[in-house]
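As a basis for the values below, the full set of heavy atoms in this structure was taken, side chains included, without hydrogen atoms, waters or symmetry mates. Reminder, nothing fancy here: chain letters follow the sequence lines and each chain counts from 1.
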Amino acid sequence: MNLLHIFSLARKEFLTLMRDKRSRIIIIVPPIVQLFIFGFAATYDLNDVPVAVYNEDSGGASRELLARIEGSPHFSVLYKISSDDEVASLIDDRKVLLVIRPGQNFSANLQRGAPASLQLIIDGRNSNTAMIAMNYLRDVVLDFNHEWQQEHGKTGPPVQLKMRAWYNENLQSQWFIVPGIVGSLMLVVTLLVTALSVAREREQGTFDQLLVTPLRPVEILIGKAIPGIVIGLLEATLIIALMVWFFDIPLRGSIPALYLGILLFLVATVGVGLMISSICTTQQQAILGAFLFIVPAVVLSGFTTPIANMPEMVQWLTYLDPLRYFLVIVRGVTLEGDGFILLFHQFWPMVIIGMVTLGLAGWLFRYRMY
Amino acid sequence: MNARLHRLWGMIRKESLQILRDPSSISIAFVMPVMLLLLFGYGVSLDAKNIPLGIVIEQPDTAAQSLAGAFDRSEFFRPQRFAAIQDAKRALTERRIDGILWLRNDFSNRLLSGGEAPVGVFVNGVDSNQANITRGYIQGAWLAWLQHFATSRGQALDLPVVLEQRVWFNPALSSHLFLVPGLIAIIMTMIGSLLTAMVVAREWERGTMETLMVTPLHMGEMLVGKLIPYFMLGMGGMLLSVAMALFLFDVPLLGPFWLLILCSALFMLVSLAIGLLISIVTRNQFLAGQVALVVSFLPSFLLSGFLFDIHSMPSWVQLITYLVPARYFVAILQTLFLAGPVWPVVLTNVAAMLLMLLILTALVVKKSYKRLD
């Protein structure tokens, strides 16, 4: 292996990527813009859910409970209605997500010690949002019950749950999603940089020229891999810095472990990118190939929906996805404070993915001729 | 025959032949939606089942066993017993379980002496949404057990306020009923913009654009001639996805089929126009592909309201979501499939898509001219 060969090829690759102003921009600007937009957009937490109140009760207790709901940052009461017909149109037209309806004798029942019913009518079109809103309301009602019982000298339910969340103590969605965005953006950038590199040369016929130079396939492979890894490392450092300082995500674990994870992840994705690139003969095919890898890789990585909920067959597929391992590493280091030992089982699968894909890419350089 | 129609027909024929001879466009239009819908339909789910839950019972007597039994019977949990809290905490750190239920050794004493017996609950909060759902299920199992415990001792459970929940449109709260229709919007956004993004860019790169320029074709005829075959392809993929949603994923379609197809056609035109605009502006396949990827996949995945509630986003992000065409189509799809033809929802979103199409067409016309640079 000749280091000079590798270095000159890597230099040429950097120049092709960076010479064109538009392609320079597309590598740097979209990831940062996307981190900001998605970092704020992608949240499962609900704020200001539009609510309508249909109060048939005239007592003070229902007013007190409704005041608590109005006071919560999760809900904003937009409509007060007084007939059954309005319920359907408000919910159908998506003007409100839920209608809260204290029963006719709510306050009276409460005073007598009989169960007072609070009816909820929820738009289930987005079942997850509906479930979260119900959980918020249940918390409000449980708090209300607890205080009511204390004020009236009654004992509460015989068993009390004392809940605590680990690692993400206030259960903020942002803490979960932003590290996921970091991983997804790195995947997109490195794949776009590498997937087109060989295909473009094949389409333009310069790859044949490269093959007749004294460069050996291994040297071509390394020279083509270096730009993706270097750009990925710089980009990762930048977006992780933004994540920590701008989004206030804690960084509780070992930073060397995080960087080892980044490096292995980049090797694995660059390997996938080069493999796609060397299979394809045109840029269009390469773009398609990158697309066909990126989309499932993001969706099946556990970025937004848990892998544990997938059917077993799909769960097996996720083991082929380097992003799956990397997301555990990023979340492990940032939130859970993990180090090398707890993350060991995330490191080695990426090494295997990288070795297999890079090996295949190198083999294809030599044996796939057009 | 009118010369204009004749020229247009020639263009359509040329594009159709090109599509038929290069299998990549056909595979984008037909293979991709099937593959992605299968993968996502099964892969994207928010329904937690068999949550691994560690139960620590320090003194296994009947009362403690009966509370733990409520979790054993729930379909949401897959409980594992631990002898000591330290073991359970280690399992939580190593991600082997997602939560812990901790009954201390004075649990039964405090319960039977009429006091309030505390039960410690820890959940792994990293995935906050999953943690919230787990918390809700734990509360549900707890309330059910309280009820059972009170009846077994001949008492009524004394709860001042009782929640009665009625969920419309999706009473079982199964997430695939809303995720699958939303996925159709995302998949078709990608396919529509990807299909056309590369088309004009390729003509520029290969130099065949110059050949087309010396023909008597007008720019408008050329664009329409290119769009029609791809529109047919895209609609084919769309029909395939709808059929899969209905027959494979068993999502009910409450709205009329013709309205669904009409809205889909409008959405397809918007996505194709976005792709066309990208390819006219970039004139380069590398850039066109990258831009198409950047503007279609993640924005429609995260900003369309398909997964994340748009109301809860900060208002400046909500403004950005108005630029994402999938936002309108997701609203239409979720409503048409699960709620039926709710005209106010359908019409406002159709109007928004029409406006988008108009602006995009104006931009395409403005940017496309027969000139060599």
Contact class of A:Asp338 relative to chain B, heavy atoms under 4.5 angstrom: side chain
Checking heavy atoms, do the side chain of A:Leu185, its backbone, both or neither come under 4.5 Å from chain B? side chain
Tell me, please, whether B:Phe178 has A:Arg125 positioned over its six-membered ring: NZ or CZ under 6.0 Å from the ring centre and within 45 degrees of its axis? no
Which one, A:Leu118, A:Asp139, A:Val314, A:Asn135, leads in non-hydrogen pairs under 4.5 Å with chain B? A:Leu118
Segment of A:Leu110 engaging chain B (4.5 angstrom heavy-atom cut-off): side chain
Please name the pair of heavy atoms, one in B:Leu173 and one in A:Met134, separated by the smallest distance, quoted to 0.1 Å. CD1-CE, 3.8 Å
Please look at A:Pro50 and chain B and tell me whether the side chain, the backbone, both or neither of the residue comes under 4.5 angstrom of a heavy atom of that chain. side chain
Per-residue contact mode, A:Val141 against chain B (heavy atom under 4.5 angstrom): side chain
For the candidates B:Ala288, B:Gly120, B:Pro314, B:Gly182, which exhibits the highest count of non-hydrogen atom pairs separated by less than 4.5 Å from chain A? B:Pro314
Sub-4.5 Å side-chain heavy-atom contact between A:Trp166 and B:Val126: no
Quick check: does any side chain N or O of A:Asn47 sit under 3.5 Å from a backbone N or O of B:Ser312, one acting as donor and the other as acceptor? yes
Any residue meeting side chain to side chain donor-acceptor pair (under 3.5 Å) with B:Arg104, in chain and number order, not counting sequence neighbours: none
Most heavy-atom pairs under 4.5 Å with chain B, out of A:Asn145, A:Leu137, A:Leu196, belong to A:Asn145
Check each atom of B:Ile133 against the heavy atoms of chain A and say whether the ones under 4.5 Å are side chain, backbone, both or neither. both
Heavy-atom proximity to chain B below 4.5 Å, by part of A:Gln34: side chain
With the side chain counted from C-beta on, respond yes when A:Val87 and B:Trp168 share a heavy-atom pair under 4.5 Å apart, and no when they do not. yes
Under 4.5 Å between any side-chain heavy atoms of B:Leu39 and A:Val299, yes or no? no
So for A:Leu161, is it side chain, backbone, both, or neither that comes closer than 4.5 Å to the heavy atoms of chain B? both
Need one label for B:Pro181: side chain, backbone, both or neither, based on atoms under 4.5 Å from any heavy atom in chain A. neither
Heavy-atom cut-off 4.5 Å, strictly under: side chain, backbone, both or neither for B:Gln130 against chain A? side chain
Looking at chain A, which one of B:Arg95, B:Met190, B:Glu94, B:Gln318 has the largest number of heavy-atom pairs inside 4.5 Å, strictly under? B:Arg95
For A:Tyr44 and B:Asn129, work out which heavy atoms get closest and say how close. CD1-CB, 3.4 Å
Is B:Val119 close to chain A through its backbone or its side chain, or both, or neither, when contacts mean heavy atoms under 4.5 Å? both
Pairs satisfying ring-ring contact (aromatic ring centres under 6.0 Å, His included), at least one member in residues 115-139 of chain A, at least two apart: A:His74-A:Tyr136
Could you check which of A:Thr129, A:Asn126, A:Ile287 has the highest count of heavy-atom pairs closer than 4.5 Å to chain B? A:Asn126
Under 4.5 Å from any heavy atom of chain B, what part of A:Ile37 do you find: side chain, backbone, both or neither? both
Have a look at A:Ser127 and tell me which of B:Pro171, B:Ser174, B:Ser175 forms a side-chain contact (heavy atoms from CB on, under 4.5 Å) with it. B:Ser175
What is the minimum heavy-atom distance between A:Pro311 and B:Tyr42, and which atoms define it? CD-O, 3.0 Å
A:Leu46, part contacting chain B, at a heavy-atom distance under 4.5 Å: both
Flag if over 12 foreign heavy atoms under 6.0 Å of NE2, A:His345: no
Side chain / backbone / both / neither for B:Ile138 at chain A, heavy atoms under 4.5 Å: both
Is the shortest heavy-atom distance from the side chain of A:Ser184 to the side chain of B:Phe301 under 4.5 Å? no
Min side-chain heavy-atom separation A:Arg164-B:Val121 under 4.5 Å: no
Per-residue tally against chain A (heavy atom, under 4.5 Å) across B:Leu307, B:Val345, B:Val346 peaks at B:Leu307
In short, B:Ser45 meets A:Thr305 closest at the heavy-atom pair O-CB, 3.6 Å
Region of A:Leu98 in contact with chain B, defined by heavy-atom distances below 4.5 Å: neither
A:Ala88, part contacting chain B, at a heavy-atom distance under 4.5 Å: both
Between B:Thr282, B:Asp127, B:Leu111, who has the most heavy-atom pairs with chain A when the cutoff is under 4.5 Å? B:Asp127
Relative to chain A, which segment of B:Leu112 carries a heavy atom at a distance below 4.5 Å: side chain, backbone, both, or neither? neither
Quick one: what part of B:Phe337 sits under 4.5 Å from any heavy atom of chain A, side chain, backbone, both or neither? neither
Bottom line for B:Trp102: the part with an atom under 4.5 Å from chain A's heavy atoms is neither
With only heavy atoms counted, which part of A:Asn109 is less than 4.5 Å from chain B, the side chain, the backbone, both or neither? neither
Heavy-atom distance under 4.5 Å to chain A: side chain of B:Ser113, backbone, both or neither? neither
Contacting moiety of A:Leu120, where chain B heavy atoms sit under 4.5 Å: both
Top contributor to chain B interface from A:Pro306, A:Gly180, A:Gly103, A:Ala290 [non-hydrogen pairs under 4.5 Å]: A:Pro306
Is there side-chain contact between A:Ile91 and B:Phe169, with heavy atoms separated by less than 4.5 Å? yes
Quick one: which of A:Val298, A:Asp48, A:Val188, A:Val49 has the most heavy-atom pairs under 4.5 Å with chain B, could you say? A:Val298
Flag the one option from B:His311, B:Met313, B:Arg166, B:Gln165 with the top tally of heavy-atom pairs under 4.5 Å to chain A. B:Arg166
Of all heavy-atom pairs linking A:Pro296 and B:Met35, the shortest is CG-CE, 4.4 Å
Which answer fits B:Trp316, side chain, backbone, both or neither, if we ask what part of it has an atom under 4.5 Å from a heavy atom of chain A? side chain
Pick from A:Phe40, A:Phe38, A:Trp148: which one has the most heavy-atom pairs with chain B under 4.5 Å? A:Phe38
Per-residue tally against chain A (heavy atom, under 4.5 Å) across B:Val342, B:Leu338, B:Leu46 peaks at B:Leu46
Checking A:Gln172 against chain B: side chain, backbone, both or neither under 4.5 Å from a heavy atom? backbone
Heavy-atom nearest pair, B:Thr93 first then A:Leu342, reads CG2-CD1, 4.1 Å
Note, B:Val44 side chain near A:Thr304 side chain (heavy atom, < 4.5 Å): no
